[in-house]
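Data block below; observations after.
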Amino acid sequence: MSKTLAVLASGRGSNFQAILREIEAGKLDAEIRLLLSDRAEAPALEMAREHGIDARALPYDRQDRSLFEQAAAQAIEESGCQWIVLAGFMRILTPEFIERFPGRILNIHPSLLPAFKGLKPQQQALDAGVKFSGCTVHLVIPDLDAGPILEQAVVPVYDADDEESLSARILEQEHRLYAEAIRNLPDS
Ligand code: GAR
């Protein structure tokens, strides 16, 4: 049975696109039913619409995150999606939202968690002088960038790297890893 996915994305959407490509190439038995964004100008929205996916920008109010989260939770429940996939979703979800979908929310983070949580993890890796970094797909729990690790990929860090070059090397692995993690999820 196909896995049903609701994707949350804030921006560029290259991870969303990579998952979509795998599905359309017949390499991932899944269906993206919904794309939600906190930013009306997110390129991911347009990309989703071009592929016939129900794509919605929901207003986000920093002072009252429950407005976005109520609308998102309702849309997800109505869509009947099994899994919620955070793909470059740059907002912190409240424990109330996370506990409404226990063990069903996935995130990808561009570091080898538990190292370099939070913002600018690629720059954090460079600042720390590590020789390897990478990316992690994990289940989301109320603690930031924590939760059971599903998949990781390692990439080398070179002396000549800057944030841009390291981010690009990690992103290439993210695109492969996210589809792999979804493929390996249990069916129910
Ligand atoms: C990706 O590198 C993703 O791992 C990161 O944002 C980028 C989104 O790119 N996510 C986080 O840092 C979440 N804490 P995309 O919009 O092209 O998928």
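Counting starts at 1 for both ligands and their atoms, in listed order.
The residues Lys3 and Glu31 are annotated as not salt-bridged, no charged nitrogen and carboxylate oxygen being separated by less than 4.0 angstrom.
Contacts of Phe97 classified as ring-ring contact (aromatic ring centres under 6.0 Å, His included), with partners at least two apart in sequence or in another chain: Phe101. For Ala18, the side chain to side chain contact (heavy atoms under 4.5 Å, CB included) partners two or more places apart in sequence, or in a different chain, are His175.
The contact shell of ligand 1, taken as protein residues with any non-hydrogen atom closer than 4.0 angstrom, comprises Arg12, Gly13, Ser14, Asn15, Gly88, Met90, Ile108, His109, Pro110, Leu171, Glu174.
Taking the ring centre of Tyr60 as origin, the terminal cationic atom of Arg91 falls inside the region bounded by 6.0 Å and 45° from the ring axis.
To the nearest 0.5 Å, the span separating CD1 on Ile76 from CZ on Arg104 amounts to 8.5 Å.
Applying the side chain to side chain donor-acceptor pair (under 3.5 Å) test to every pair with at least one member in residues 140-151, sequence neighbours left out, gives these pairs: Glu151-Asn184.
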